[in-house]
S.K.: 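Below are the structure tokens for one structure; questions will follow.
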Amino acid sequence: MTLKSVTVGLTTLVCSLALLASNSGCEVSSTSSRTEDSEAGSATGGGVELPIGSEEGQQRVLIDGSSTVYPISQAVAEEFQGSHPNVKVVVGTSGTGGGFKKFVAGETDINDASRPIKAKEATQCADNGIEYLEMKVAIDGISVVVNPENDWCKAITVAQLKQLWEPGSKVTRWSELDPSWPDHEIQLYGPDPDSGTFDYFTDVICGEEGASRTEYTPSSDDNILVRGVSGGKYALGYFGFAYYLENAKKLKAVPVSATGDVADAVAPTAETIEGGKYVPLSRPLFLYVNKARLARPELADFVTYYLAAGQDLVSEVGYVRLGKETHAETVEALKAAIGE
Amino acid sequence: MSDQQIGYAALLKRRHRISTCFEWTCRVATVSALLFLAALLAGVIWQAWGWLDLQFLTGFDSRRPGKAGLLAGLWGTSWLIFFTAIFTVPMGVGAAIYLEEYATDSRFTRLIKLNLSNLAGVPSIVYGMLGVTAFVRMFGMISAADGWTMALSLGFGTLEIPLPLGRCLLAGSFTLSLLILPVVIIASQEALRAVPPSIRHASYALGATEWQTIRHQVLPAAIPGIATGIILALSRAMGETAPLIVVGAMSYVAFAPGNLDTPMAAVQDPQRVLDAPFDVFTSITIQITNWIEQPKEEFQNLAAAGSLVLLILLVIFNATAIVIRNRAQKKISW
Amino acid sequence: MSTASGSGVPHSKAATSLHRSASLVRLKESGIRLLLFLCATVSMLTTFGIVSVLFSNAIYDVAPQQVGANGEARPNEAFFQQVSVTEFVTETRWTPGYTEKHFGIMPLVCGTLMISGIAALIGLPIGLCSAIYLSEYAAPRTRSIIKPVLEILAGIPTVVYGYFALVFVTPYVLRPIFQDMLGFDVGVFNAASAGIVVGIMIIPMISSLSEDVLRSVPRSLREAAYALGSTRFDVSTRVVVPAALSGIIASFLLAISRAIGETMAVTIAAGQTAIVTADPLGSVATMTSYIVNVSKGDAVIGSIEEKSIYAVGLTLFLMTLVMNIISQFVLRRFREVYN
């Protein structure tokens, strides 16, 4: 036993013990009573803080969450950065659920959400001392899309959608939904369970949030879904309206009928969504903001901008603006929160 | 000719035909490998045609393809490679020197060598998972909600280190360093091994110590090989995507780390240089991946343009390595 | 004034200072040696890091229970403390994100093996034949040009391969052949395109490594064979390749483990459907693409979905580790030693 081998043995033993012991799940801590420290614009209200430098230095706004809301947030971020060069906005697409998980841990400032916050997520926020402000920012109509070469599916009923997407569904061919449709396999594309779109769709169509068949091509990225549906004649998928509108040449939106009657089918357009006719797949889109961080001027500016000039971008991107009343309410709530 | 001779001649002819056939099969195989390469390059260049311009190289990402650019990725990749080089070179070369010059052939040394070759074969995504736990979350010792910042005031600015490190550039660099470290060590070992023992013996005979021998004789002779290995390893790090995604890439990042978007800004505002390592980042590869996933046709062209930039950088790195290798081989005359 | 021990040198002034500086030098030497030793142990730390991260998240967590704000215990157990190994290995569905959770690794392993299989089918023959061509038939000048060019193929970033598969291989190669001519349905995301490009990706690895091994077979063996009247084919296949076999097999194993660990190309081209299937024309999920997709979406820290990536990572790590150890073993055991 030489000195070297003893040293080596001890070092490795100590290192491995340390690694194993500290490698316990990286749990979100239960405490969080960090107060706002607004010196030089820096904030430590929990979370992975990026260095905030001098007053004019780089300030950051971290947004994550729904890929449905992403096009709006990205557009607003881009335009906002144009007029506020010192503030940089980062937008991620972890999915509504995935984004909430970061939000409750304090890792993001804003969560894009295509569904309201769940009770469990709200509790986790409370556990970590995070107060949030819920804001509606736009209206969306989840679109059921097929390939442009699909000439048989002129409308689809809610009942057929349920038959197709419910858990344990054995439907694999178009003809099983309607005998007049071709006897060919359906290729299904849809959001993955982390997505708010997934939650909302399964809730209104299958009756329970999260209740969905598992044999389909899931993706957290709506762009991949667009690519999938536009690439196969027998494909069918569902995602936010903006993604359909963006790629309208490659896709065909199927009118949806809330009753059993095909004649009642309504196609998703800006008018039908705004007028409340596109049911049941119309829904509001949300922003959840970490209230404590609104003390940071750049965040307050950004969210105010979102509700002001950002509304124009909502239509540009393809979603529907909020009605006047809702918009006024949201602005009031925001002003109150900033004032706190 | 006897029957036997006729039979043998016929057999010989057949064997020659088989041999020629085989030669052609091998030729076709090599040519097809080269054709694949040509097809890849042609496809990328064709898609990127007209999209690789100055605006592309100096602009940031945008939802409008006409305005989107690679600048954030260029800066991110540059910083990443810079820090990776800083961490990997001393550790990798140091480890190689130890293993080649100092280590005795003990079980521990053999264990390290086996370990190195295994690590070199571990998929890069596993390194990403290690990086997230070790660097981003710091083993959970400090949770994100409780994070704080350590501030060190230097003359021209403040160095602010967030703890835990979070999804920042430095965490990405550390992860890449771990990834290419085994490769650097193995390549450096080969370079050191290529130096003939006679050089070392002559040095010892003149009374030099081990370190003096290494520092003045062995290392200078091995530097070309080591440099080649480092350059190739760094070019591999440049092309990595998966570990960086795991460590924390966001979809839309329209700024360079630390807001340092031109070299002039570094001089004007040195604070940005200090902020850059701890900032959110993206890389050329991540931007390409994001663009590929967009269904709009124009983004495919952007992805191709980004790939072309990456390929050009790669060729430059590889060419540098080859030039160093060739020049060294001319100089060495043992 | 220090006196060196056991040197028996006369203690003149010059000699004394030589002794003194000799001790300092020895100290410095030991210091440098220690420093370099620490550098070497970093690689061991990396392995420990990887193993411990995978182990504590997948197999057994040694940390104490964390407690939430209201005093309830937060779940922190490793994957296999919550899911049985039997289910992991035998279940054929992989649905950690859904309400009805199944944790069978088979679909992911199936996807990985299918893509690696297709890659091997393309990469191994072409790689080996190229290696034989470069070492046996090609002129030295040709070899010096082709070899670095092939190495460029190795250096191309894998996202480019994935993009190539999605944008070129599927619409212009697979669809014309399989869909239009033969009538099979080729999905936008499919295993075949991913397998083909990964195969192309590993060609340089096989050809480079095999060529090095083939060239190291001594000329005397070849010359002896020629002297006995062999054709070039005979020499290549009956003398050189068998002599270099261990190295060639080692390069095969290395290339296959690279194919197994490939992430970006398959994530982009192969899709994300975890399914046990033999159909290469549909979308599949591999172990690597699953890890990347969950990391992008980032499940709850501590939840079973997040732990599942460690279980998958552990499987992946073990697979490549086993392949690497086998290739080391093959290389050492069957290597021919030439004097």
Side-chain angles (χ1 to χ4, degrees), chain B residues 15-16 18-19 22-23 25-27 29-30 32-34 36-37 40 43-44 91 94-95 97-99 102 112 114-119 121-126 129-130 133-134 178 181-182 185 209-211 235-236 239 241-242 245-246 285 288-289 292 300 303 307 310-311 314-315 318 322, chain C residues 25 29 32-33 35-37 39-40 42-44 46-47 49-50 53 125-126 129-130 132-134 137 146 148-153 155-160 163-164 166-168 200 203 207 231-233 236 254 257 261 263-264 268 288 291-292 295-296 309-310 313 316-317 320-321 324 328:
Chain B
R15 285 171 62 215
H16 275 293
I18 294 178
S19 180
F22 180 69
E23 180 179 343
T25 316
C26 290
R27 275 230 177 107
T30 317
S32 55
L34 294 171
F36 288 140
L37 176 63
L40 229 99
V44 170
M91 281 210 288
I97 293 176
Y98 179 80
L99 289 171
Y102 286 96
I112 293 190
L114 173 70
N115 185 42
L116 277 176
S117 46
N118 280 331
L119 280 179
V122 169
S124 58
I125 195 159
V126 177
M129 293 163 77
L130 173 64
T133 313
L178 287 184
L181 196 61
I185 295 178
T209 62
E210 273 174 324
W211 175 244
S235 75
R236 175 168 164 200
T241 323
I245 289 184
V246 175
T285 47
I288 296 175
T289 314
I292 287 178
Q300 299 307 308
S307 308
L310 201 53
L311 283 171
L314 202 85
V315 167
N318 276 17
I322 293 179
Chain C
V25 165
E29 285 287 310
I32 291 180
R33 190 197 166 108
L35 190 66
L36 296 176
F37 173 71
C39 290
V42 167
S43 66
M44 293 301 287
T46 311
T47 312
I50 293 178
V53 165
I126 298 185
C129 287
S130 308
I132 295 177
Y133 175 74
L134 285 175
Y137 292 96
I146 294 188
V149 169
L150 275 185
E151 274 170 19
I152 295 182
L153 206 62
I156 293 181
T158 53
V159 270
V160 180
Y163 156 81
F164 188 66
L166 193 63
V167 166
F168 185 75
I200 298 176
I203 289 176
S207 103
T231 60
R232 264 219 164 125
F233 172 69
S236 305
L254 217 64
S257 75
T263 315
M264 291 321 292
I268 293 175
T288 47
I291 296 176
V292 145
S295 304
K296 264 202 257 185
I309 64 172
Y310 293 98
L316 192 61
F317 180 69
T320 48
L321 189 70
N324 284 327
Q328 298 268 330

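Quick note: numbers below take in every heavy atom, side chains included, and nothing from hydrogens, waters or symmetry partners. Numbers restart at 1 for each chain; the letters A, B, ... are given by sequence-line order, proteins then strands.
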S.K.: Under 4.5 Å, counting heavy-atom pairs only, tell me which of C:Val160, C:Ile203, C:Ile50 racks up the most with chain B.
M.R.: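 Heavy-atom pair counts peak at C:Ile50.
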
S.K.: Is it the backbone or the side chain of C:Val167 that comes under 4.5 Å from a heavy atom of chain B, or both, or neither?
M.R.: side chain

S.K.: Counting only heavy atoms closer than 4.5 Å, note whether B:Ile112 contacts chain C via side chain, backbone, both or neither.
M.R.: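 Backbone plus side chain of B:Ile112, per the 4.5 Å heavy-atom cut-off to chain C.
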
S.K.: B:Ala33 versus chain C, heavy atoms under 4.5 Å apart: side chain, backbone, both or neither?
M.R.: both

S.K.: Would B:Ile288 and B:Ile292 count as a side chain to side chain contact (heavy atoms under 4.5 Å, CB included) if you check the C-alpha gap in whole Å, the side-chain angles of each, and the deciding distance to 0.1 Å?
M.R.: CA-CA 6 Å; B:Ile288 296 175; B:Ile292 287 178; 4.0 Å; yes

S.K.: Could you look at C:Leu254 and say if it's the side chain, the backbone, both or neither that has a heavy atom under 4.5 Å from chain B?
M.R.: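 For C:Leu254, no heavy atom lies under 4.5 Å from chain B.
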
S.K.: Mind ranking C:Cys129, C:Ser257, C:Ser236 by heavy-atom pairs under 4.5 Å with chain B and telling me who comes out on top?
M.R.: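 Option with the greatest count: C:Cys129.
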
S.K.: Do you know which of B:Ala303, B:Gly43, B:Ala242 has the most heavy-atom pairs under 4.5 Å to chain C?
M.R.: B:Ala242

S.K.: I'd like to know which of B:Leu310, B:Asn115, B:Ile18 tops the heavy-atom pair count under 4.5 Å against chain C.
M.R.: B:Asn115

S.K.: Heavy-atom pairs under 4.5 Å with chain C: which of B:Thr30, B:Thr25, B:Thr241, B:Leu178 has the most?
M.R.: B:Thr30

S.K.: Tell me, for C:Leu166 versus chain B, whether the close heavy atoms (under 4.5 Å) come from the side chain, the backbone, both or neither.
M.R.: side chain

S.K.: Check whether C:Ser207 gets within reach of chain B through its side chain, its backbone, both or neither, counting any heavy atom under 4.5 Å.
M.R.: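 Interface part for C:Ser207: neither.
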
S.K.: Is B:Leu314 in contact with chain C via its backbone, its side chain, both, or neither, using a 4.5 Å heavy-atom distance?
M.R.: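 Contact with chain C is through the side chain of B:Leu314 alone.
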
S.K.: Against chain B, label C:Tyr163 side chain, backbone, both or neither, depending on which of its atoms sit under 4.5 Å from a heavy atom there.
M.R.: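 Both parts, backbone and side chain.
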
S.K.: Applying side-chain contact (heavy atoms from CB on, under 4.5 Å), name anything that partners C:Thr158, two or more places apart in sequence or on another chain.
M.R.: C:Met201, C:Arg258, C:Glu262, C:Met264

S.K.: How many angstroms lie between OG in B:Ser19 and OH in C:Tyr137, if you round to the nearest 0.5 Å?
M.R.: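 Spacing of OG (B:Ser19) from OH (C:Tyr137) equals 4.5 Å.
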
S.K.: Roughly how far, to the nearest 0.5 Å, is the CD atom of B:Glu23 from the OH atom of C:Tyr133?
M.R.: 7.0 Å

S.K.: For chain C, find which of B:Val44, B:Leu40, B:Leu116 contributes the most heavy-atom pairs closer than 4.5 angstrom.
M.R.: B:Leu40

S.K.: Are any of the side-chain nitrogens in C:Arg33 or C:Glu29 under 4.0 Å away from the carboxylate oxygens of its partner?
M.R.: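 Judged by the 4.0 Å cut-off on N to carboxylate O distance, C:Arg33 and C:Glu29 do not form a salt bridge.
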
S.K.: Would you please test C:Ile156 and C:Phe164 for side chain to side chain contact (heavy atoms under 4.5 Å, CB included) and show each step?
M.R.: CA-CA 11 Å; C:Ile156 293 181; C:Phe164 188 66; over 6 Å; no

S.K.: Pick whichever of B:Val315, B:Leu34, B:Ile125 has the most heavy-atom pairs under 4.5 Å with chain C.
M.R.: B:Ile125

S.K.: How far apart are the closest heavy atoms of B:Met129 and B:Val246, and which atoms are they?
M.R.: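 That closest heavy-atom pairing would be N-CG1, 4.1 Å.
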
S.K.: Given that the side chain runs from C-beta out, which part of C:Thr288 has a heavy atom under 4.5 Å from chain B: side chain, backbone, both or neither?
M.R.: both

S.K.: Which value, rounded to the nearest 0.5 Å, describes the distance between B:Ile185 atom CD1 and B:Ser117 atom OG?
M.R.: 11.5 Å

S.K.: Which heavy atom of B:Pro123 sits nearest to which heavy atom of C:Thr320, and what is that distance?
M.R.: CD-OG1, 3.6 Å

S.K.: With a 4.5 angstrom heavy-atom cut-off, which part of C:Ile32 approaches chain B: side chain, backbone, both or neither?
M.R.: side chain

S.K.: Below 4.5 Å from any heavy atom of chain B, which atoms of C:Ser43 appear? Answer side chain, backbone, both or neither.
M.R.: both

S.K.: Checking B:Arg236 now: which residues fulfil salt bridge (charged side-chain N to carboxylate O under 4.0 Å, His left out) with it, not counting sequence neighbours?
M.R.: B:Glu240

S.K.: How far does CZ of C:Phe37 sit from CD1 of B:Ile97, to the nearest 0.5 angstrom?
M.R.: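 The CZ atom of C:Phe37 sits 15.5 Å away from the CD1 atom of B:Ile97.
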
S.K.: Pick whichever of B:Asn318, B:Leu119, B:Leu181, B:Thr289 has the most heavy-atom pairs under 4.5 Å with chain C.
M.R.: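 Result: the option with the highest number of such pairs is B:Leu119.
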
S.K.: Non-hydrogen atoms of chain C under 4.5 Å away: do they reach the side chain of B:Ile322, the backbone, both or neither?
M.R.: side chain

S.K.: Could you give me the CA-CA distance, side-chain angles and deciding distance for B:Tyr102 and B:Glu210, then say whether side chain to side chain contact (heavy atoms under 4.5 Å, CB included) is met?
M.R.: CA-CA 8 Å; B:Tyr102 286 96; B:Glu210 273 174 324; 3.3 Å; yes

S.K.: Find the one option among C:Ala40, C:Gly313, C:Pro148, C:Pro125 whose heavy-atom pairs under 4.5 Å with chain B are most numerous.
M.R.: C:Ala40

S.K.: Walk me through whether C:Cys39 and B:Tyr98 qualify under side chain to side chain contact (heavy atoms under 4.5 Å, CB included).
M.R.: CA-CA 8 Å; C:Cys39 290; B:Tyr98 179 80; over 6 Å; no

S.K.: Measuring from C:Thr263:OG1 to B:Ile245:CD1, what's the distance to the nearest 0.5 Å?
M.R.: 9.0 Å

S.K.: What part of B:Ser32 gets closer than 4.5 Å to chain C, counting heavy atoms only: side chain, backbone, both or neither?
M.R.: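 For B:Ser32, side-chain heavy atoms alone lie under 4.5 Å from chain C.
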
S.K.: Can you tell which part of C:Ile268 gets under 4.5 Å to a heavy atom of chain B, answering side chain, backbone, both or neither?
M.R.: side chain

